[in-house]
Number of protein chains: 4
Amino acid sequence: MRTTSAQKAKAAGKPRLRDAEATKARILEAAKKEFAKNGLGGARVDVIAEKANANKRMIYHYFDGKDHLFQTVLEDAYNGIRTAEQKLNLNDLEPKAALEKLVRFTWEYYLKHPEFITLVNSENLHRAKHLKKSQVVRATSRKFVGMVKELLERGVSEGVFRPGIDPVQLNLTIAAIGYYYITNRFTGSIVFERDLMAKDALEERVQFNIETIMRMVCA
Amino acid sequence: MRTTSAQKAKAAGKPRLRDAEATKARILEAAKKEFAKNGLGGARVDVIAEKANANKRMIYHYFDGKDHLFQTVLEDAYNGIRTAEQKLNLNDLEPKAALEKLVRFTWEYYLKHPEFITLVNSENLHRAKHLKKSQVVRATSRKFVGMVKELLERGVSEGVFRPGIDPVQLNLTIAAIGYYYITNRFTGSIVFERDLMAKDALEERVQFNIETIMRMVCA
Amino acid sequence: MRTTSAQKAKAAGKPRLRDAEATKARILEAAKKEFAKNGLGGARVDVIAEKANANKRMIYHYFDGKDHLFQTVLEDAYNGIRTAEQKLNLNDLEPKAALEKLVRFTWEYYLKHPEFITLVNSENLHRAKHLKKSQVVRATSRKFVGMVKELLERGVSEGVFRPGIDPVQLNLTIAAIGYYYITNRFTGSIVFERDLMAKDALEERVQFNIETIMRMVCA
Amino acid sequence: MRTTSAQKAKAAGKPRLRDAEATKARILEAAKKEFAKNGLGGARVDVIAEKANANKRMIYHYFDGKDHLFQTVLEDAYNGIRTAEQKLNLNDLEPKAALEKLVRFTWEYYLKHPEFITLVNSENLHRAKHLKKSQVVRATSRKFVGMVKELLERGVSEGVFRPGIDPVQLNLTIAAIGYYYITNRFTGSIVFERDLMAKDALEERVQFNIETIMRMVCA
DNA sequence: CATGAATGAGGATTCATTCAT
DNA sequence: GATGAATGAATCCTCATTCAT
């Protein structure tokens with residue numbers, strides 16, 4: 001393993017300066033927050049630079065402009081959720097438990113990572129022009145769909161799931177019932193005149209979601 | 001020299017007085033499209049004025065700036081869906097048919113009015129700061145929730161629906177499974193490697209959604 | 001004749017404000033100077049706006065950016081020299097006198113309008129990408145070449161000019177011997193260790209140029 | 001990891017000492033091209049460094065910044081043409097042949113070295129501020145003017161040239177008729193609606209130039 | 001000798017909004 | 001009521017140059 005300059009700086013007890021990787025990471029992190037908060041159009045390059053404790057010029061040096069930076073952030077976001085999903089090890093559980101775990105996980109992931117939702121919304125506003133360029137996302141997503149498909153098949157063969165359910169439709173629905181609630185938490189709280197983000201409300205929602213999916217899938 | 005709307009009206013022998021309303025309407029229509037296409041932040045006042053065949057100054061005259069214009073557009077959008085929902089006359093149908101009609105209606109409304117979705121997304125990006133000011137939306141929404149609540153109760157008393165289902169949660173879910181699909185049609189088509197907006201795909205989806213809700217609600 | 005707002009303003013004794021034509025003209029004039037002084041790349045939009053006593057935004061409003069502004073300035077410059085050439089009325093003079101008048105005019109025009117030279121140099125640095133779009137320049141230039149061609153033919157038929165001289169080559173040479181001297185006045189003054197722009201030097205040069213051309217053309 | 005020039009030299013068994021000169025030369029060559037293509041203002045230090053396969057820092061190390069680098073390039077350019085001129089050995093030819101050779105040489109030099117022209121144009125845009133600092137250019141130029149002066153005197157004494165011709169004026173004209181044509185090849189090709197750089201056009205031009213000068217100088 | 005990370009001062013361009021008529 | 005000219009404050013991006021190793 002090569003000794004990075006970051007490690008050298010650390011070893012020398014100095015603050016992280018002149019460390020390309022660290023700077024890139026800081027920019028990426030700051031960009032994620034800024035894009036999540038304000039969308040692609042509303043995000044400000046200056047603000048990202050400032051929050052990253054980096055020079056604005058570095059953003060162009062490392063990421064070649066705002067758009068490409070957004071694309072990188074978006075890819076990272078997709079990688080994040082897909083990686084987490086892979087770690088669920090649904091195969092180690094019996095079908096019903098596995099399905100419930102997936103619904104609960106999806107919900108909790110959105111809850112913990114609302115920035116993922118804002119990023120995706122922003123990307124859809126831009127007609128997915130950044131995602132179109134990404135090959136990685138397709139590959140990892142395919143893998144994920146495969147995982148759910150296997151789960152469904154296993155459940156069917158064990159006689160606990162109904163046959164004939166499309167894994168893509170199921171995936172979409174599992175995502176939808178969580179995503180929609182979170183992304184519309186502000187307007188929803190007004191329209192329905194209740195605080196959708198209150199602790200009880202969140203708990204109630206996840207139960208409702210689990211029940212919705214179980215009733216749909218179980219035999 | 002361009003013919004102004006005022007002149008046109010004059011030429012047509014119409015009184016000038018109605019121009020004000022017409023101009024307002026044109027601005028509102030143009031604004032809806034522009035906001036839907038680009039979000040609040042991405043929309044351009046110049047473009048709205050141009051598309052409305054109106055003077056930019058008029059936007060400030062009638063709507064007091066971009067933000068307030070957005071708020072008006074948003075309120076109109078909510079009025080639109082709420083009005084359409086009221087016309088469903090769910091009471092004239094037996095519970096199951098009424099519920100299916102509602103699910104189908106919701107799906108079709110989103111499909112026909114994707115601008116509603118973009119506007120709501122934009123509003124959530126801005127933490128619902130415009131909607132907070134609106135009183136009308138709360139009132140009409142309350143009415144809508146009441147409608148669903150009655151339907152549920154009727155179904156329960158007739159023994160076709162399960163008891164104990166929260167009308168708000170149900171509403172949220174009915175909306176979610178349609179809204180999510182439409183708003184994420186661009187990224188979704190890439191991630192799942194299929195054209196989510198293809199005719200067959202849309203038909204398949206609405207059936208899946210109906211089944212999801214029926215299984216959740218029916219006894 | 002329509003009453004322009006400029007005239008109205010004038011009539012009212014007010015300073016020229018809110019006068020589109022006047023603002024455009026001021027921007028154009030300022031741009032000519034700035035481009036002449038620093039070339040296209042070296043010119044600063046801020047400086048042009050300031051010198052034009054106009055808002056920077058107006059430059060984009062009226063001229064659609066720096067490049068297009070340069071193109072307009074360049075076209076104006078070509079129009080200027082071509083218009084002046086047309087006013088020479090070489091047909092009213094006998095061939096030799098007409099030719100001498102042309103040489104002297106060309107020299108004096110460059111001397112009075114060094115900005116024309118700088119603009120053309122800048123345009124050549126950019127491989128004539130702006131001029132390529134202009135149709136007017138081609139037409140007026142064609143007319144000018146025709147004028148010289150007629151002069152040559154007249155001189156030949158009167159027996160004072162040699163036959164077989166290409167008007168384009170002659171034009172190029174008449175321009176060259178003046179243009180080169182003026183455009184390279186700074187380096188030339190150093191290289192040849194004499195002030196090329198001194199009054200005597202200029203007079204000497206025009207005589208030399210006239211003699212060069214007369215000897216080339218006369219029978 | 002990219003192989004640095006230092007490593008290459010090492011691998012080739014060469015002493016590291018020569019690398020300095022090689023790096024300087026590479027930078028100079030890259031700078032000449034970049035300045036020629038885009039002028040002083042339009043040239044980019046990054047691009048020069050990249051093309052020179054050198055580190056940007058080296059430019060500052062060896063040349064003390066962009067301006068001084070330009071000055072060096074410019075001096076080299078002048079040295080180039082002056083050196084070539086000295087090699088003409090005009091004294092070995094009879095006056096007329098020598099003069100024709102000079103005209104032809106000048107033309108061909110510009111044709112082969114259009115970068116010389118761009119550099120000189122750039123320098124004149126900057127009012128010769130770099131050249132002013134150079135002493136060498138003055139000396140070599142003086143020598144060149146002397147060469148032409150001697151040629152003229154020899155021609156006069158042999159009765160083939162007219163007396164009274166100023167060598168500086170003649171030099172200027174010989175340069176002008178070639179330089180102007182080349183520097184304005186882009187705009188010229190449009191204005192005169194013919195490809196000035198076509199093979200035939202170039203041949204025609206050099207003949208025209210030779211005739212222009214011969215008619216001017218010969219008795 | 002050489003590297004590449006970092007920077008501050010601009011540079012062109014855009015935008016919502018106000019002003020004068 | 002309507003128009004279009006005008007503006008200042010951003011906003012993204014670029015550049016020559018210096019710093020730390």
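Convention: sequence-line order gives letters A, B, ...; per-chain numbering from 1. As the structure is a prediction and not an experimental result, all values here were calculated from the model.
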query: Does D:Tyr78 have any ring-ring contact (aromatic ring centres under 6.0 Å, His included) partners at least two apart in sequence or in another chain, and if so, which?
result: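 By the ring-ring contact (aromatic ring centres under 6.0 Å, His included) rule, D:Tyr78 matches D:Phe116.
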- prompt: Of all residues at least two apart in sequence or in a different chain, which pass the ring-ring contact (aromatic ring centres under 6.0 Å, His included) check with D:Phe70?
  reply: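 With sequence neighbours excluded, D:Phe70 shows a ring-ring contact (aromatic ring centres under 6.0 Å, His included) to D:Phe35, D:His130, given in chain and number order.
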So does [X] get a side-chain nitrogen or oxygen closer than 4.0 Å to the phosphate oxygens (OP1/OP2) of [N]?
X: B:Tyr62; N: F:dG1; result: no
X: A:His61; N: E:dA6; result: no
X: D:Thr23; N: E:dA2; result: yes

query: What stems, by residue range, does DNA chain E take part in, given at least 3 consecutive Watson-Crick or G-U pairs under 3.5 Å?
result: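 The stems are E:2-21 with F:2-21.
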For [X], all residues meeting side chain to side chain donor-acceptor pair (under 3.5 Å), sequence neighbours excluded:
X: D:Thr187; result: C:Asn124
X: B:Ser134; result: B:Glu75
X: B:Gln71; result: none

task: Heavy atoms under 4.0 Å is the rule here; annotate nucleotides 8-13 of chain E 5' to 3' with B where the base is hit, S where only the sugar-phosphate is, and - elsewhere.
output: B-BSSB
task: Run the numbers on A:Arg26 and A:Glu29 for salt bridge (charged side-chain N to carboxylate O under 4.0 Å, His left out), then give the verdict.
output: CA-CA 5 Å; A:Arg26 286 203 314 279; A:Glu29 185 59 27; over 6 Å; no
[X] [atom1] - [N] [atom2] separation (whole Å):
X: A:Leu69; N: F:dC12; atom1: CG; atom2: C1'; value: 13 Å
X: D:Phe63; N: F:dT17; atom1: CZ; atom2: C1'; value: 17 Å
X: C:Met58; N: F:dA9; atom1: CE; atom2: C1'; value: 15 Å

query: Do any pairs count as a salt bridge (Lys or Arg N to Asp or Glu O under 4.0 Å) and have a residue in residues 57-71 of chain B, sequence neighbours left out, and if so which ones?
result: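 Those involving residues 57-71 of chain B are B:Asp67-B:Lys129.
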- request: Write out all pairs satisfying salt bridge (Lys or Arg N to Asp or Glu O under 4.0 Å) with one or both partners inside residues 44-56 of chain C, taking only residues at least two apart or from two chains.
  value: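 Output for this query lists C:Glu34-C:Lys51, C:Asp46-C:Lys56.
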